[in-house]
Amino acid sequence: MNLSESTRRIIWDLVVNYQTYFSFILLGLGFLFYLKRGQLSSLVNRFISQSEKFFPLSKYSIFKMTFFSLMFVLYIISNSHFHFSASIKFVLSSLYLTLVLFFCEKEISCFFTARSSINGFKKQIWKNTVFCWCTTTIIVVPAIWFYHLFNVPFNAQGLGNLPDVSIGRWIEINVYGIPNIVSEEIFNLLILLIFSSLLTKLKRPLALIFSAILMSIVFGLLHIFAWNPVTAISIFLSHITIALFFIYIRDIKPLILCHIINNLIATSVITGMSVLIKPIILLPLTIPILYSFVLKQIHLTSEIKKENKLRSL
């Protein structure tokens with residue numbers, strides 16, 4: 001379908017910002033859901049109690065985390081200039097990951113070893129995380145096909161239209177990218193801890209909210225080197241909600257999981273992968289979650305009806 005360049009640009013700008021739309025819509029719906037059920041205060045109290053566990057770190061810890069944060073920024077800038085191959089990025093990100101886990105183990109290990117609580121809170125968080133991501137996927141899939149339908153080039157990183165790649169090569173790209181994904185999430189964690197440790201004059205919940213915003217700004221600016229300003233703004237806005245979610249659960253593993261699955265789809269698009277492969281990847285991820293969500297809503301509705309009947313009696 002032949003469209004003018006300006007029209008295709010508008011389509012690109014609208015679709016590329018899906019992360020922002022979804023993250024804030026989801027946040028708003030979440031608040032409305034808890035407000036309707038009269039549980040908003042418990043949600044706020046949970047966030048406050050979790051944020052108070054982010055105690056300020058020592059100057060030595062701040063120095064270490066700042067050093068490794070700058071090392072990661074240097075790596076991203078170098079990659080944007082020299083366009084490292086997948087194998088080189090794998091080696092560099094694995095080396096960075098090894099060093100930061102060794103030298104900052106004291107500061108970040110607790111975010112990898114969060115234990116399940118007695119009331120199953122962690123188990124529920126994992127379910128919600130996977131569901132949230134799959135809901136995003138349901139929104140993204142039409143956007144992907146929208147690109148193909150209107151011949152809008154997916155060119156966020158200046159990659160252009162690359163030829164089709166085999167499934168084996170696609171798997172290789174994503175496996176090699178896992179250390180880089182983990183490094184990005186650890187980088188975000190370091191930035192959050194640095195800012196929350198510097199904002200000692202503020203109460204912990206407020207300090208963590210400001211730290212989440214500042215972390216999102218840094219992460220958005222970082223993507224200007226690899227992507228472009230429009231995408232960087234989208235990532236900045238959407239990561240505010242992601243950072244708040246991380247503070248709420250104090251567990252980095254769900255974020256790493258979502259990031260890995262997100263890249264599986266992203267690389268299937270930028271490499272021009274066949275449209276036959278996308279449903280194979282996406283349907284097993286989305287249908288079970290959507291099905292369980294429908295069942296959950298039916299169950300909640302029946303429970304609410306039972307409560308209303310009991311109150312009327």
Side-chain angles (χ1 to χ4, degrees), residues 51 53-82 84 88-114 157 177-202 204 206-227 229 231-247 249-256 258-260 262-263:
S51 62
K53 296 177 183 177
F54 286 82
F55 52 87
L57 300 172
S58 66
K59 291 182 180 179
Y60 176 65
S61 293
I62 295 174
F63 173 78
K64 282 194 302 180
M65 294 187 297
T66 303
F67 173 78
F68 281 105
S69 299
L70 292 174
M71 287 288 290
F72 188 77
V73 172
L74 179 63
Y75 161 69
I76 294 297
I77 295 175
S78 300
N79 180 48
S80 67
H81 282 82
F82 300 109
F84 299 140
I88 292 177
K89 285 192 286 187
F90 176 80
V91 172
L92 291 176
S93 57
S94 297
L95 178 61
Y96 172 82
L97 196 57
T98 303
L99 291 173
V100 74
L101 288 174
F102 179 78
F103 286 101
C104 298
E105 187 271 341
K106 179 182 176 182
E107 289 79 12
I108 66 177
S109 61
C110 61
F111 300 102
F112 284 89
T113 57
Q157 292 178 295
I178 289 177
N180 195 70
I181 290 171
V182 180
S183 298
E184 281 193 18
E185 295 301 334
I186 289 180
F187 170 78
N188 283 334
L189 174 58
L190 294 179
I191 296 297
L192 184 71
L193 293 176
I194 289 169
F195 283 124
S196 66
S197 296
L198 293 175
L199 299 173
T200 54
K201 293 184 178 181
L202 298 176
R204 284 290 85 193
L206 192 59
L208 265 294
I209 291 173
F210 275 110
S211 299
I213 296 172
L214 293 171
M215 184 219 79
S216 302
I217 291 174
V218 172
F219 195 62
L221 290 173
L222 195 63
H223 278 73
I224 291 179
F225 296 105
W227 292 49
T231 310
I233 292 172
S234 171
I235 290 173
F236 150 62
L237 292 173
S238 62
H239 269 72
I240 294 175
T241 56
I242 292 173
L244 294 175
F245 177 73
F246 170 74
I247 295 167
I249 63 173
R250 295 187 75 251
D251 191 348
I252 199 171
K253 296 189 294 295
L255 302 184
I256 293 173
C258 289
H259 199 154
I260 290 173
N262 181 73
N263 279 21

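A quick note: this is a predicted structure, and the numbers were derived from the prediction, not measured.
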Find the distance between [atom1] ([X]) and [atom2] ([Y]) and round it off to the nearest 0.5 Å.
X      : Y      : atom1 : atom2 : value
Phe84  : Phe90  : CZ    : CZ    : 16.0 Å
Leu190 : Lys64  : CG    : NZ    : 10.5 Å
Asn188 : Ile252 : CG    : CD1   : 8.0 Å
Ile178 : His259 : CD1   : NE2   : 11.5 Å
Met65  : Ile108 : CE    : CD1   : 9.5 Å
Leu192 : Ser211 : CG    : OG    : 5.5 Å

Evaluate ring pair (Phe, Tyr, Trp, His ring centres under 6.0 Å) for Phe111 paired with Phe54, printing each intermediate quantity in order.
-> CA-CA 11 Å; Phe111 300 102; Phe54 286 82; 5.4 Å; yes

| Quick one: do the Ser61 and Ser58 side chains pair a donor with an acceptor below 3.5 Å? |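 On atom types as modelled, these side chains qualify, holding a pair under 3.5 Å.
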
In chain order, what residues pass the side-chain contact (heavy atoms from CB on, under 4.5 Å) check against Lys53, with sequence neighbours excluded?
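So Lys53 forms a side-chain contact (heavy atoms from CB on, under 4.5 Å) with Gln50, Arg250.
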
Subject >> Results of ring pair (Phe, Tyr, Trp, His ring centres under 6.0 Å) for Phe72 - residues two or more places apart only >> reply: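 For Phe72, the residues satisfying ring pair (Phe, Tyr, Trp, His ring centres under 6.0 Å) (neighbours in sequence not counted) are Tyr75, Tyr96, Phe187.
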
Below 4.5 Å, heavy atoms only, C-beta onward: do [X] and [Y] meet side chain to side chain?
X      : Y      : answer
Leu74  : Leu70  : no
Ile194 : Leu214 : no
Glu184 : Ser93  : no
Ile186 : Phe112 : yes

- Would you find a donor on one side and an acceptor on the other, under 3.5 Å apart, between the side chain of Ser94 and the backbone of Pro179?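 Judged by distance alone, no pair lies under 3.5 Å.
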
Measure across Val182 and Leu97 and return the closest heavy-atom pair with its distance rounded to 0.1 Å.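 That would be CG1-CD1, 3.6 Å.
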
- Message: To check you understand the geometry: which heavy-atom pair defines the closest contact between Ser196 and Arg204, and what is its length?
- Response: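 Scanning both residues, the minimum pair turns out to be O-NH2, 2.7 Å.
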
CA sep, side-chain torsions, deciding dist, call: Glu107, Leu189, side-chain contact (heavy atoms from CB on, under 4.5 Å):
CA-CA 10 Å; Glu107 289 79 12; Leu189 174 58; over 6 Å; no

Derivation and outcome, side-chain contact (heavy atoms from CB on, under 4.5 Å), residues Phe245 and Thr241: CA-CA 6 Å; Phe245 177 73; Thr241 56; over 6 Å; no

- prompt: For Ser78, which residues count as a side-chain hydrogen bond (donor to acceptor under 3.5 Å, both in side chains) partner, sequence neighbours excluded?
  reply: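 Result, side-chain hydrogen bond (donor to acceptor under 3.5 Å, both in side chains) vs Ser78: none returned.
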
Before giving the answer on side-chain contact (heavy atoms from CB on, under 4.5 Å), spell out for Ser197 and Lys59 the whole-Å C-alpha distance, their side-chain angles and the decisive distance to 0.1 Å. CA-CA 9 Å; Ser197 296; Lys59 291 182 180 179; over 6 Å; no

**Asked** Can you list the steps and then say if Phe103 with Phe68 is a side-chain contact (heavy atoms from CB on, under 4.5 Å)?
**Response** CA-CA 9 Å; Phe103 286 101; Phe68 281 105; 3.6 Å; yes

